[in-house]
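Here's the structure we're looking at; comments come further down.
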Amino acid sequence: MSEPAPPPPLRLTVDTAALAANWRALDALSGAARAGAAVKADCYGLGVETCVPALRDAGCETFFVAHWSEVAAVARHVPASRIAVLHGPVNDADCAYARATGALPVINSREQAARWTASGGGACHLMVDTGINRLGIAPEEAGAPEIAALEIDILMSHLASADEDSAMNGSQLAAFRAAAAIIPHHRASLANSAGIALGSDYAFDLTRPGLALYGGVPRGELAGAIRPVAQVEAAILQCRNLESGESVGYNATFTARHAMRVGTVSIGYADGFLRQRGPGNALRYGEARLPILGKVSMDMVVVDLAAAPDLVAGSWLTVPWDINDAAQQSALSPYELLTVIGGRLRRC
Ligand SMILES: *Cc1c(COP(=O)(O)O)cnc(C)c1O
């Protein structure tokens with residue numbers, strides 16, 4: 001089929017100027033270090049196709065993904081040698097793919113180090129675990145022969161609690177410094193978005209912001225520097241008039257107590273507008289607040305049109321997606337609010 005699909009009744013607008021400005025702000029806040037960009041999970045739900053070219057044009061040169069399956073989409077826009085794959089080579093097929101594409105693995109264990117060397121070696125990155133206990137070699141393994149055999153570009157570690165004033169930040173910093181003194185490398189990298197706000201001690205040669213690029217503010221210090229990036233809108237598919245006593249949606253959890261005009265809107269949990277965002281929340285039309293009635297469906301949600309009675313099918317509504325608004329974070333972190341954004345929104 002070559003017939004292009006008609007425009008969808010929902011849209012995600014990514015403000016690429018704000019994204020670029022956020023990268024430049026984080027790069028400046030990184031001091032003498034350069035900022036890279038975490039572009040895993042399809043740029044935290046906002047879309048590689050839109051975001052990676054904007055980050056590249058802003059000056060970003062190092063890109064982090066989690067999976068090997070994420071390499072190809074990013075490599076359409078930047079040289080593969082600038083893509084670091086955080087999960088590392090867990091089998092020989094991963095090593096072969098790294099060699100075929102030119103993307104570099106982040107080695108996370110002595111076993112991965114041995115596998116990479118056996119497959120031919122060459123430039124790679126190394127993760128040292130300084131306390132988050134997910135991936136990475138232990139600091140005591142720094143002198144192991146498998147590690148000594150590596151040709152390490154970026155030596156990195158990851159902060160567990162950079163969004164808090166935790167004593168763990170200082171202890172991870174000290175452990176990372178100690179590892180960096182022993183393990184030969186070209187560039188050292190510790191800070192994520194929140195880590196950048198901890199100051200120049202944490203910046204080393206390269207920072208790895210993710211969330212803050214996409215408009216998230218994990219620490220107050222970043223509030224003035226970071227602009228919102230994502231906006232979500234959805235169209236009314238149909239307007240209806242309810243009689244008193246009629247109900248709305250699955251399990252009839254809302255019943256009209258008087259005659260009312262409602263609109264069925266084209267966004268649902270398949271788009272990342274999760275069911276917990278239904279009760280007590282509202283969509284907006286300009287300043288008008290349109291409360292959500294009943295349960296969020298897979299592809300639809302119903303709103304009360306009392307505050308904007310003249311709306312018709314095809315009218316566009318704003319779907320609040322302010323990831324820094326505490327009310328919206330009642331059950332989901334800003335990371336989750338972004339990464340649950342559904343594929344139907346990214347494709348439009
Ligand atoms: C996701 C990730 C980042 C980015 O973290 P943010 O908190 O989104 O800035 C940096 N480094 C590693 C290893 C990551 O997994």
Side-chain angles (χ1 to χ4, degrees), residues 19 22-23 25-27 29-30 33-46 48 51-52 55 60-68 70-71 74 82-88 103-109 112 124-137 152-164 166 168-169 172-173 175-176 179 185 187-198 202-223 225-226 229-230 323-324 329 332-341:
L19 175 67
N22 288 346
W23 183 83
L26 292 160
D27 188 54
L29 286 167
S30 300
R34 298 304 312 276
V39 298
K40 61 196 179 184
D42 209 5
C43 286
Y44 289 44
L46 300 189
V48 160
C51 296
V52 169
L55 292 165
C60 182
E61 292 182 338
T62 309
F63 300 84
F64 297 88
V65 297
H67 290 244
W68 293 99
E70 296 178 311
V71 167
V74 179
R82 295 181 177 178
I83 304 172
V85 182
L86 292 161
H87 282 4
L104 297 195
V106 177
I107 303 295
N108 290 295
S109 64
Q112 284 191 359
C124 64
H125 310 302
L126 179 69
M127 176 69 78
V128 181
D129 175 54
T130 52
I132 196 169
N133 275 304
R134 301 189 309 189
L135 293 175
I137 64 162
I152 300 164
D153 176 3
I154 305 169
L155 178 69
M156 69 185 92
S157 190
H158 193 57
L159 297 166
S161 306
D163 58 341
E164 299 176 274
S166 161
M168 196 172 180
N169 295 325
Q172 286 196 270
L173 175 62
F176 184 59
H185 61 274
R187 296 181 283 172
S189 175
L190 178 61
N192 62 344
S193 299
I196 292 171
L198 294 178
Y202 288 80
F204 292 88
D205 303 310
L206 175 73
T207 58
R208 306 188 306 272
L211 183 73
L213 294 172
Y214 309 110
V217 179
R219 288 186 67 99
E221 297 92 327
L222 296 178
I226 298 302
V229 172
I323 54 175
N324 298 311
Q329 290 175 21
L332 295 181
S333 74
Y335 292 87
E336 292 168 290
L337 283 165
L338 283 176
T339 55
V340 294
I341 288 176

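Order of listing sets the numbers, starting from 1, for every ligand and every atom in it.
- Numbered from 1 in the order shown, with element, the atoms of ligand 1 that lie under 4.0 Å from a heavy atom of Ala38 read 4 (C).
- Residues Tyr44 and Val229 are not in side-chain contact: their nearest non-hydrogen atoms beyond the backbone lie 4.5 Å or more apart.
- Side-chain atoms of Gln112 and Ser109 include no donor-acceptor pair closer than 3.5 Å.
- Closest to atom 5 (O) of ligand 1 among all protein heavy atoms lies Asn192 CB, 3.4 Å.
- Contact analysis puts Tyr335 in contact with ligand 1, with a non-hydrogen atom separation below 4.0 angstrom.
- Between Ile83 and Val65, some side-chain heavy-atom pair lies under the 4.5 Å cut-off.
- For ligand 1 and Pro209, the ligand atoms under 4.0 Å from any heavy atom of the residue are 9 (O).
- The closest approach between a heavy atom of Ala194 and any atom of ligand 1 is not below 4.0 Å.
- Protein heavy atom in closest approach to atom 11 (N) of ligand 1: Arg208 NE, 2.9 Å.
- You'll find the side chain of Leu126 stays beyond 4.5 Å of the side chain of Met156, heavy atoms only.
- Residue contact check: Tyr44 has heavy atoms under 4.0 Å from atoms 1 (C), 4 (C), 5 (O), 6 (P), 8 (O) of ligand 1.
- When ring centroids are compared, Phe176 and Phe204 come within the 6.0 Å threshold.
- In this structure, a donor-acceptor pair under 3.5 Å is present between the side chains of Ser189 and Arg208.
- Only the side chain of Lys40 comes within 4.0 Å of ligand 1, counting heavy atoms alone; its backbone N, CA, C and O stay farther away.
- Regarding atom 9 (O) of ligand 1, its nearest protein heavy-atom neighbour is Ser193 OG, 2.5 Å.
- Counting atoms of ligand 1 from 1 in the listed order, those under 4.0 Å from a heavy atom of Leu211 are 6 (P), 8 (O), 9 (O).
- At distances below 3.5 Å, not a single donor-acceptor pair connects side-chain atoms of Arg34 with backbone N or O atoms of Asp205.
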